[in-house]
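Throughout, protein chains are lettered first and strands after them, A, B, ... in sequence-line order, and every chain is numbered starting at 1.
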Amino acid sequence: MSEIAIKYNDNIVDLQTAQELGLKGDAIELDNSVEALEVLRHSTAHLMAQAIKSLYPDAEFYVGPTVKEGFYYDFKTSEEIGQGDLKKIEKQMLSFAKKKYPIERYVISKEEAREKFKDDHLKQAVLNMIPDEDVSIYKQGEFEDLCRGPHLPSIGLIRYFKLTKISGAYLGGNSKNEMLTRIYGIAFADKAFLKAYMDMMAEAEKRDHRKLGNEMKLFTFREEVGAGFPIWLPAGGRLRARLESLLFKAHRKRGYEPVRGPEMLRSDLWKTSGHYQNYGENMYFTHIDELEFGVKPMNCVGHIKVYEDELHSYRDLPIKYFEYGVVHRHELTGALHGLFRVREFTQDDAHIFCRADQIEEQIIEVVDFVDKIMSTFAFDYKMMISTRPDKAVGSDEVWEISTQALKNAMDTNELAYEIDEGGGAFYGPKIDIKITDAIGREWQCGTIQLDFNLPERFKLEYNGEENNKIQPVMIHRAILGSFERFIGILTEHYAGEFPMFIAPTQVAIVPVAESHKEYAKELSDKLIDINADSEIYAKNDSLNKRIRIAEKTRVPMIVVIGDEEIANNTVAIRDRRTREQYNLSEEEFLKLIQTKINEVNF
RNA sequence: GCCGACAUAGCUCAGUUGGCUAGAGCAGCUGAUUUGUAAUCAGCAGGCCCGGGGUUCAAAUCCUCGUGUCGGCACCA
């Protein structure tokens, strides 16, 4: 293994720079450490640029950094480049790498650099962002690039890489700017790591909820129905119904009352709430006679109307309303993604109306609720506090107070959180619960939002101890976020092998022959009595085939019944999760299913 | 919305440089078979080749405008 850079004052310094400045530090070897990969991938990005430049001589280059997963380079060519060109670029990269060009570094003034890259308007844009007087140039063979480094000593060290994706990306990440071409790639120090990475990507693809959702008949989308409007199929319907009923109980236990607001409300109300002005572009509007109505993108206004239905005493607070609220939002076409981003979805939404002195306890109670649910599903999650966005209602002071209240609740209970600056809802700051899916993407699911603004806008009140009118505080919260997204994430999380308590079907019953169908039906009825769904595989197919089909549905448990079982009043079990086969008496079997269904601790 | 790619049977996919009646496997239907733990056999049916418009003697194939999907960007439960 060879030394590729050094660690100096916690910075990675490449050998070229170290030599020039006479710096000494711990050697960084070419392995799969974070530091080594940083250098390797950065140089691989340059090698890719070199290959692109040789294949497309008019290419202009913007920036080519390393990211969490690999590296990318943004550039522009007159010729269009597509997915199919990646192989060609990879090949060119390899042929350059074989020449083992050393990577040389030298420093020139910014003026000289401007002259050097005078034909590259993207590099000029990069130069404009650099405050320093002098800039460094890295050179390998004929190819030179403006870069801060660090880089490998030679491109000959680059062998195990792959170009993974091609896409467009806005210059500087701003949608007002021109669109550049971006190619993503990955690189490792050895073949085994590259293979492991590619295998992991393949596994992630296998778990993709869109693929599994189709195979398992959970949901579908249809062109003629419209983009972003999911259709729930029977199996998905059963899964979802289980989740809904489990969650219903959990809410009731915690003092939430089920309510329901209308699907659309008069636009005047959305003007009062501020949605019209701040969220209108994401809303759908329609007219009934002369009046304009807005289809709800959130459920809060409906719940406010429930609150307003009667007078409230300070003794009654907190009041908690919940609803599986169907909402519609105009998402951009490019944002749509299976069940993860849709235009119609159902939130497990609730609003807590409470006194100011109850804020902390209420927030902690919700955080605890979240933890119960996420740990039941064995999810890793983290919490973020999101602060005031650009578009917002309410004074700075109110925002400051409510943001601080969220932080206090978290701090005094020693809960860890990160800050997402400007990520709040327009009516208040929030705590977002982000869970990680199978491919390592983070998704915002649950959210806890503190709101002083809507109570003010709707002039909500309750009677205080002195019979005075006091404005309540509203806490908006959703734990799953939406059933659509959450079920999508669950599907990938379990790779379709759902635990018994939410699986679309709990048991597949396979009668050996025609004569065993009757017993199968009896068993199925008994299962319904203990709230378990089953499916009988009695088609005119071989036993082997029916077992195979049952296995492929990913049902947690298959029971086979034939003469023996009927004679002894038993079932032969195939447990898909534990991959075991064994016999149980019918009674024991039903008890086992019941236990597994109740393995929920919301 | 933006950049790029893609769209053929319910599903997964073939379909030569534009050229005869668009194929296969699975699923479905009909028979035969009645099965003891991952695919029994035979037959049948199934297509406005995503939708308009165009080029051509001829279009699933080329062009164009939509719609939808995929990978990102930008935006968000």
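Donor-acceptor pairing under 3.5 Å, judged by distance alone, is present between the side chain of A:Y170 and the base of B:rG1. The base of B:rG51 lies outside donor-acceptor range of the side chain of A:E224, with no N or O pair under 3.5 Å. Contact of A:R574 with B:rA38 (side chain to base): a donor-acceptor pair of N or O atoms is detected under 3.5 Å. Taking 3.5 Å as the limit, the base of B:rC73 and the side chain of A:R182 contain no donor-acceptor pair of atoms between them. Between the side chain of A:R210 and the base of B:rC70, no donor-acceptor pair under 3.5 Å is found.
Taking only side-chain nitrogens and oxygens, A:S542 never comes nearer than 4.0 Å to OP1 or OP2 of B:rA39.
Nucleic acid contact class of A:N174 (heavy atoms, under 4.0 Å, all strands): none. Among the atoms of the strands shown, none is found under 4.0 Å from any heavy atom of A:G423. Looking at heavy-atom distances under 4.0 Å, A:K430 makes contact with sugar-phosphate atoms alone, never a base. Looking at heavy-atom distances under 4.0 Å, A:Y184 makes contact with sugar-phosphate atoms alone, never a base. Within the 4.0 angstrom heavy-atom criterion, base atoms lie near A:A572.
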Handout entry: Sequence-aligned protein contact record of nucleotides 26-32 of chain B, with B where the base is within under 4.0 Å of a protein heavy atom and S where only the sugar-phosphate is
Key = -SS---B
Give every pair of a protein N or O atom and an N or O atom of nucleotides 9-14 of chain B that lie under 3.5 Å apart, one pair per line with the distance.
| unit_1 | atom_1 | unit_2 | atom_2 | d |
| --- | --- | --- | --- | --- |
| B:rC11 | O3' | A:N214 | ND2 | 3.4 |

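Closest-nucleotide positions on RNA chain B for A:A227 and A:T447 were compared, and the one nearer the 5' end corresponds to A:A227. Along RNA chain B, the nucleotide closest to A:Q581 and the one closest to A:N282 are compared, and the more 5′ of them pairs with A:Q581.
Considering only residues two or more places apart in sequence or on other chains, A:V326 meets the side-chain contact (heavy atoms from CB on, under 4.5 Å) condition with A:E263, A:H328, A:E344, A:T346. Applying the ring-ring contact (aromatic ring centres under 6.0 Å, His included) rule to A:F71 yields no partners; only residues at least two apart in sequence or on another chain are considered. When the side-chain contact (heavy atoms from CB on, under 4.5 Å) test is applied to A:E535, the partners found at least two apart in sequence or on another chain are A:R238, A:T505, A:Y537. The ring-ring contact (aromatic ring centres under 6.0 Å, His included) test applied to A:F369 returns A:H251, not counting sequence neighbours. Not counting sequence neighbours, A:N568 has no partner by the side-chain hydrogen bond (donor to acceptor under 3.5 Å, both in side chains) test. Every residue was checked against the ring-ring contact (aromatic ring centres under 6.0 Å, His included) condition with A:F589, not counting sequence neighbours, and none meets it. Applying the ring-ring contact (aromatic ring centres under 6.0 Å, His included) rule to A:Y519 yields no partners; only residues at least two apart in sequence or on another chain are considered.
Spacing of C1' atoms, B:rC48 relative to B:rC29, comes out at 24 Å, to the nearest Å. Nucleotides B:rU61 and B:rG15 have their C1' atoms positioned 10 Å apart, rounded to a whole Å.
Rounded to whole angstrom, the span from the NZ atom of A:K391 across to the C1' atom of B:rC76 amounts to 14 Å.
Cation-pi contact between A:K391 and A:F426: absent, since separation from the ring centre below 6.0 Å together with deviation from the ring axis within 45° is not met. At least one cation-pi condition fails for A:R485 and A:F340: the charged atom is not both under 6.0 angstrom from the six-membered ring centre and inside a 45 degree cone around its axis.
Using bins of under 30°, 30° to 60° and over 60° for the plane-to-plane angle, the ring pair A:H337/A:W443 lands in the tilted bin.
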Exercise for the section: Could you summarise the pairing of RNA chain B as dot-bracket text, marking Watson-Crick and G-U pairs under 3.5 Å with ( ) or [ ] inside the strand and | across strands? Expected result: (((((((..((((.....[...)))).(((((.......))))).....(((((..]....))))))))))))....
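Applying the salt bridge (charged side-chain N to carboxylate O under 4.0 Å, His left out) definition to pairs two or more places apart or across chains, those involving residues 212-227 of chain A are A:K211-A:E215, A:E215-A:R554, A:R222-A:E224.
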With a 3.5 Å cut-off and sequence neighbours excluded, list the donor-acceptor pairs that the side chains of residues 370-378 of chain A form with protein atoms.
| unit_1 | atom_1 | unit_2 | atom_2 | d |
| --- | --- | --- | --- | --- |
| A:D371 | OD1 | A:Y381 | OH | 2.5 |
| A:S375 | OG | A:D371 | O | 2.6 |
| A:S375 | OG | A:K372 | O | 3.3 |
| A:T376 | OG1 | A:K372 | O | 2.6 |

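Centre separation under 5.5 Å together with a plane angle under 30° does not hold for the ring of A:W443 and the six-membered base ring of B:rA77, so they are not marked as stacked.
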